[in-house]
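Here is the structure we will look at, set down as structure tokens.
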Amino acid sequence: MPELPEVETCRAGIEPYILGKRFRRLLIREARLRWPIAPELSLLLPGLCVLAVKRRGKYILLETEAGHVLLHLGMSGNLRIATAGQQVRKHDHADFEFTDGTLLRFNDQRRFGSLLWTAEPPEEHALLRDLGPEPLSESFNAAYLHHLARRRAAAVKLLLMDSRAVVGVGNIYASEALFAAGVHPGRPARDLTLAEWESTAGCVKSILRQAIAQGGTTLRDFVNEQGKPGYFQQQLGVYGRAGEACRRCGALIEQVRLGQRSSFYCPVCQPVAA
DNA sequence: CAACGGACCTGCCTGC
DNA sequence: TGCAGGCAGGTCCGTT
């Protein structure tokens with residue numbers, strides 16, 4: 001479900017409810033996520049304060065005096081602010097309860113998400129250590145991509161979805177950014193010119209910024225901390241639109257499979273040859 | 001190194 | 001109506 005815009009929507013949404021609050025307890029209903037929730041976390045968390053609510057790639061980090069809670073939403077994960085006594089729903093795997101009564105509830109149908117603890121600086125954690133640059137940072141630019149891709153025969157879309165190359169870009173926004181850039185998703189990454197990387201990097205940034213401004217994309221079930229959907233799906237140019245007319249040229253949008261993921265593109269706006 | 005397939009899960013939709 | 005198969009916003013891990 002969530003790519004960077006949805007995770008950022010979630011982070012920004014929960015921040016005002018939990019920043020500066022003190023954990024009273026952690027209730028774990030189902031510990032079997034991508035990795036099991038460490039049982040010690042229930043003992044360790046009470047009494048600690050949320051000093052910051054940060055994001056790195058698709059991870060949400062809750063900073064405390066003693067370490068960081070690392071949250072990943074996987075494909076179907078979600079964080080909601082619940083009110084006291086609110087009915088527990090299917091797949092509500094964990095509740096963070098604060099001393100003022102605020103409840104942060106983690107729901108994840110497919111259990112690909114994770115809830116971890118690290119006492120070391122989070123950037124040194126095994127899961128964050130090798131992550132590439134943030135797409136909205138200066139270091140994510142054409143020169144970086146051009147150099148990184150010089151020996152990569154794999155499709156450019158797969159490079160954009162490789163978290164060691166850049167974080168936060170998933171299946172929707174990779175297709176959307178390449179459409180905006182006019183680059184065919186299946187082109188070998190090493191074949192793109194510096195000018196094409198210029199366009200691609202710029203489009204990744206602008207698409208992500210627009211999606212964040214719209215509260216993310218809701219295809220099936222993404223909702224923010226209040227249970228409200230995002231609105232970026234109304235601006236999707238190609239994702240999920242196979243057989244429909246390109247909004248720019250009218251040609252029919254095509255769908256191919258790259259790295260076991262559905263990929264969408266306009267055959268006219270995104271020609272195979274540069 | 002890079003590339004690929006399989007794995008982890010639940011639920012929904014399609015077609016027989 | 002049931003059931004098999006495919007698909008879904010992620011990403012780690014083992015093998016070539």
Side-chain angles (χ1 to χ4, degrees), chain A residues 1-11 29-37 55-60 70-79 89-93 106-116 125-132 135 147-178 185-186 188-191 204 207-208 211-212 214-224 229-243 255-264:
Chain A
M1 174 211 301
E3 299 182 39
L4 188 148
E6 292 75 36
V7 176
E8 178 55 27
T9 296
C10 180
R11 187 208 64 76
R29 296 190 188 81
E30 174 56 84
R32 295 174 303 168
L33 304 183
R34 173 75 199 260
W35 289 281
I37 303 175
R55 181 187 58 72
R56 174 71 175 108
K58 294 174 187 164
Y59 286 89
I60 290 174
L70 304 183
L71 289 159
H72 196 289
L73 304 178
M75 291 274 265
S76 55
N78 203 7
L79 288 169
R89 302 200 274 187
K90 201 168 185 181
H91 310 302
D92 279 343
H93 303 315
F106 179 80
N107 180 288
D108 185 7
Q109 174 194 111
R110 295 175 72 180
R111 288 195 274 123
F112 288 173
S114 45
L115 200 177
L116 302 165
H125 189 278
L127 292 171
L128 304 188
R129 205 170 38 208
D130 300 323
L131 293 180
H147 184 256
L148 183 72
R150 70 198 185 285
R151 281 187 247 290
R152 296 258 205 148
V156 54
K157 174 163 177 277
L158 298 184
L159 183 80
L160 290 182
M161 293 177 65
D162 179 349
S163 64
R164 288 164 308 178
V166 57
V167 296
V169 182
N171 205 34
I172 294 180
Y173 299 112
S175 275
E176 290 301 313
L178 289 169
R190 64 185 178 197
D191 291 354
V204 165
I207 291 284
L208 293 178
I212 291 169
Q214 303 272 314
T217 298
T218 299
L219 293 183
R220 270 164 286 280
D221 49 16
F222 172 72
V223 288
N224 69 11
Y231 293 99
F232 190 72
Q233 63 277 12
Q234 294 162 21
Q235 336 271 326
L236 294 177
V238 289
Y239 189 86
R241 299 192 66 240
Q255 177 172 0
V256 287
R257 210 130 173 103
L258 295 170
Q260 287 131 253
R261 310 302 297 276
S262 289
S263 309
F264 302 85

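Quick caveat, the model's predicted, so the values are computed rather than measured. First the proteins, then the strands, lettered A, B, ... as listed; each starts at 1.
Annotation: side-chain hydrogen bond (donor to acceptor under 3.5 Å, both in side chains) contacts of A:Arg29 (sequence neighbours excluded): A:Asp95. Residues forming a side-chain hydrogen bond (donor to acceptor under 3.5 Å, both in side chains) with A:Arg151 (at least two apart in sequence, or on another chain): none. In terms of the salt bridge (Lys or Arg N to Asp or Glu O under 4.0 Å) criterion, A:Arg150 has no residue partners (sequence neighbours excluded). With sequence neighbours excluded, no residue forms a salt bridge (Lys or Arg N to Asp or Glu O under 4.0 Å) with A:Arg220. Residues satisfying the salt bridge (Lys or Arg N to Asp or Glu O under 4.0 Å) criterion with A:Arg55, sequence neighbours excluded, are A:Glu8, A:Glu134. Not a single salt bridge (Lys or Arg N to Asp or Glu O under 4.0 Å) links A:Arg110 to another residue, sequence neighbours left out.
Note: CD1 (A:Ile172) to P (C:dA8) measures 11 Å, nearest angstrom. Atom CZ in A:Arg55 sits about 14 Å away from atom P in C:dG10, given to the nearest Å. Rounded to whole Å, the distance from CZ on A:Arg220 to C1' on C:dA8 is 5 Å. Rounded to whole angstrom, the span from the CZ atom of A:Phe264 across to the C1' atom of C:dC7 amounts to 11 Å. Atom CG of A:Leu236 and atom P of C:dG9 are 12 Å apart (whole Å). If you take CZ of A:Arg241 and P of C:dG9, they are 17 Å apart, rounded to a whole angstrom.
Remark: the backbone N or O of A:Arg32 is paired with a side-chain donor or acceptor of A:Glu30 at under 3.5 angstrom.
The aromatic rings of A:Tyr173 and A:Phe232 lie tilted to each other, with the angle between the two planes from 30° to 60°.
Contact of the A:Asn171 side chain with the A:Met161 side chain is registered, since non-hydrogen atoms from C-beta on lie closer than 4.5 Å. Residues A:Leu127 and A:Trp35 have side chains in contact (heavy-atom distance under 4.5 Å, counting atoms from C-beta outward). The shortest distance between side-chain heavy atoms of A:Asp191 and A:Val156 does not fall below 4.5 Å. Using a 4.5 Å heavy-atom threshold, the side chains of A:Asp162 and A:Arg152 count as touching.
Straight-line distance between the P atoms of C:dC7 and B:dG5: roughly 14 Å, to the nearest whole Å. Comparing B:dG6 with C:dG5, their P atoms sit 15 Å apart, to the nearest whole Å.
Defined by atom type and a distance below 3.5 Å, a donor-acceptor pair is missing between the side-chain atoms of A:Asn107 and A:Lys90. Between the side chains of A:Arg257 and A:Ser262, at least one donor-acceptor pair of N or O atoms lies under 3.5 Å.
Of all nucleotides in DNA chain B having an atom under 4.0 Å from a heavy atom of chain A, the first and last in 5' to 3' order are B:dA2 to B:dG11.
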*How does protein reach along nucleotides 11-16 of chain C, written 5' to 3' as B (base within reach of a heavy atom under 4.0 Å), S (only sugar-phosphate), or - (no contact)?*
BB----
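Against DNA chain C, the stretch residues 106-116 of chain A makes heavy-atom approaches under 4.0 Å through A:Arg110, A:Phe112. At a non-hydrogen distance threshold of 4.0 Å, A:Arg152, A:Ala153, A:Ala154 from residues 149-157 of chain A come into contact with DNA chain B.
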*Would you check, one step at a time, whether the test side chain to side chain contact (heavy atoms under 4.5 Å, CB included) holds for A:Glu176 with A:Thr217?*
CA-CA 12 Å; A:Glu176 290 301 313; A:Thr217 298; over 6 Å; no
Check: residues 233-240 of chain A side-chain donor-acceptor pairs under 3.5 Å, at least two apart:
| residue | atom | partner | partner atom | Å |
| --- | --- | --- | --- | --- |
| A:Gln233 | OE1 | A:Thr218 | N | 3.0 |
| A:Gln233 | NE2 | A:Gly230 | O | 3.0 |
| A:Gln235 | NE2 | A:Gln214 | OE1 | 3.4 |

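Consecutive Watson-Crick or G-U pairs involving DNA chain B, each under 3.5 Å on both distances, make up stems of three or more pairs at B:2-8 with C:10-16, B:10-16 with C:2-8.
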